[in-house]
2 protein chains.
Amino acid sequence: MPKRAYSCGIDAAIDVVGGKWKVLILWALHDGARRFGELRRMVPGVSEKVLIQQLRELEADEIVHREVYREVPPRVEYSLTALGVSLNAALEPLSAWGKRHMAHIESMRERQPV
Amino acid sequence: MPKRAYSCGIDAAIDVVGGKWKVLILWALHDGARRFGELRRMVPGVSEKVLIQQLRELEADEIVHREVYREVPPRVEYSLTALGVSLNAALEPLSAWGKRHMAHIESMRERQPV
DNA sequence: GCCCATACTGACCTGGAGGTAGGTACCTGA
DNA sequence: TCAGGTACCTACCTCCAGGTCAGTATGGGC
């Protein structure tokens, strides 16, 4: 999704974090490095392919760091870069808002299954 | 998109604000009520159908308020509710992050057209 | 020799968000 | 009488993010 230009900061941020599972991935990395398998378990519902894909995109955006340990069986650890940490911090108020109004949102969704 | 349950606050928020143009709409409503036509001009690229659709969803989530003036030609004004104002405030840090790193993001996108 | 686990890759397919294009109703003003 | 402006609605279509499933390399354990 290579946009021409961003009309404001927020859609630049969304371009980075807009994947279906990316915020969940960031959240899972909040407290330290995680192995691929751990992430898969921590983000229930992702397929392997998409998890890898989104991790690669986050890596390309320099949000996460990928460390490969040449062992057998292979071990790969993902962690947040400084940029990733700052992004996570910027997401916190939105997360707090969501948590505060979660019940309200869910009740809306039940009434109107769109 | 009626999800069963939200794993954390952030994906509840994303469920509300996840439409392609919703944050831009919120942003456009930041400083007061706007008419439908104004919004269409302020959010370049949206089709009428989708703009209406997303406005209706935001209305159902009680993020925006829709005021109809029975005039001819018709006039309809959209404005943020208290909940909408709080959501907008929660988005501000993310917007600031995006603005701060916009150049970086754009350069990544140019190199890797995915 | 065979299976196990990990962390992938690649081909193929599908659902649904979003885009396109036409139509509606209303009154005004020329 | 007919174009003009506003705020919609509806049917149809496209496209791609994401999902499914199969396959790969490696070495250890039995």
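Chain A is the first sequence line, chain B the second, and so forth, proteins listed ahead of strands; every chain is numbered from 1. Just so it is clear, the model here is predicted, and its values are computed rather than measured.
How far CZ of A/Arg66 is from CD1 of A/Ile52: 8.5 Å, rounded to the nearest 0.5 Å. Atom-to-atom distance recorded for A/Tyr78:OH and A/Leu51:CG is 7.5 Å, nearest 0.5 angstrom.
Under the 3.5 Å distance criterion, the side-chain polar atoms of B/Thr81 are matched with a main-chain donor or acceptor of B/Ile63. The backbone N or O of B/Arg35 sits less than 3.5 Å from a side-chain atom of B/Glu38, completing a donor-acceptor pair.
Here the C1' atom of nucleotide D/dA17 and the CG atom of A/Leu51 are 15 Å apart, to the nearest Å. Across the protein-nucleic acid pair, B/Gln54 atom CD and C/dG18 atom C1' stand 9 Å apart, rounded to whole Å. Computed from coordinates, the A/Gln53 CD to D/dG19 C1' distance equals 10 Å when rounded to whole Å. Straight-line distance from the NZ atom of B/Lys20 to the C1' atom of D/dC15: 11 Å, rounded to whole Å.
Between B/His104 and B/His101, the angle of the ring planes goes over 60°, which puts this pair in the perpendicular group of the 30/60° scheme. Using cut-offs of 30° and 60° on the angle between ring planes, the pair A/His30 and A/Trp27 is tilted.
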Worksheet item: In B/S/- notation, 5' to 3', how is nucleotides 6-12 of chain D contacted by protein heavy atoms closer than 4.0 Å?
Response: BSBSBB-
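Residue-to-nucleotide proximity on DNA chain D shows that, of A/Val72 and A/Val46, the 5′-proximal contact is made by A/Val46.
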